[in-house]
Amino acid sequence: MAPRAPTKRNYKKEYANYHSKPAQKKNRASRNAARTIAKKNGANVASKDVAHRNGNPRDNRPRNLTTQPASRNRSFARTRNSRKRNPYA
């Protein structure tokens with residue numbers, strides 16, 4: 001079987017189908033707020049991602065936030081239970 005040619009990513013369609021939804025806008029705003037909260041609490045966020053330990057992007061309690069290199073924070077499958085402290089959260 002021949003390999004498939006890579007297709008161009010349709011960002012407009014992606015935004016319309018996913019990123020423009022109200023819940024996703026709230027999640028994105030909360031992720032941006034988490035970075036600000038981590039900075040205010042003295043975390044060195046330069047060239048790092050602010051990760052939510054329980055996987056909930058709206059849970060911005062300081063003890064739930066941690067800084068990680070982007071390679072670690074973005075390297076696992078986004079399933080319901082993957083790499084969460086509490087898989088039932």
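Only heavy atoms go into these numbers, but all of them, side chains included; no hydrogens, no water, no symmetry mates.
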**Item:** Separation between NE2 of His52 and CZ of Arg58, rounded to the nearest 0.5 Å
**Value:** 11.0 Å
**Request:** Mind listing the closest non-hydrogen atom pair of Ala34 and Val50 along with its distance?
**Result:** O-CG1, 4.0 Å
**Item:** Shortest non-hydrogen contact between Ala70 and Asp49, atoms and distance
**Value:** CA-OD2, 3.7 Å
**Asked** Would one find more than 12 heavy atoms of other residues, nucleotides or ligands at under 6.0 Å from atom CZ of Arg74?
**Response** no
**Request:** Applying side-chain contact (heavy atoms from CB on, under 4.5 Å), name anything that partners Pro69, two or more places apart in sequence or on another chain.
**Result:** Ser71, Arg72
**Asked** For the atom pair CD (Gln24) and OH (Tyr15), what is the distance rounded to the nearest 0.5 Å?
**Response** 11.0 Å
**Prompt:** Hey, are the side chains of Leu65 and Arg53 touching, using non-hydrogen atoms and a 4.5 Å cut-off?
**Reply:** no
**Complete:** Distance col, row Lys39:NZ vs Asn44:CG, nearest 0.5 angstrom, shows 10.5 Å
**Request:** Indicate yes or no for a side-chain donor-acceptor contact from Asn64 to the backbone of Asp59 under 3.5 Å, with no hydrogens or angles considered.
**Result:** yes
**Working for side-chain contact (heavy atoms from CB on, under 4.5 Å), residues Thr66 and Gln68** = CA-CA 7 Å; Thr66 183; Gln68 294 179 346; 4.1 Å; yes
**Side-chain (Asn54) to main-chain (Asn56) donor-acceptor, under 3.5 angstrom** = yes
**Item:** Donor-acceptor pair between Asn60 and Ser30 side chains, under 3.5 angstrom
**Value:** yes
**Lys12 side chain near Asn10 side chain, heavy-atom distance below 4.5 Å** = yes
**Prompt:** Do Arg35 and Ile37 come within less than 4.5 Å of each other through their side chains, counting heavy atoms only?
**Reply:** no
**Request:** Could you please spell out the steps behind the side-chain contact (heavy atoms from CB on, under 4.5 Å) verdict for Lys25 and His19?
**Result:** CA-CA 7 Å; Lys25 285 184 178 182; His19 298 291; over 6 Å; no
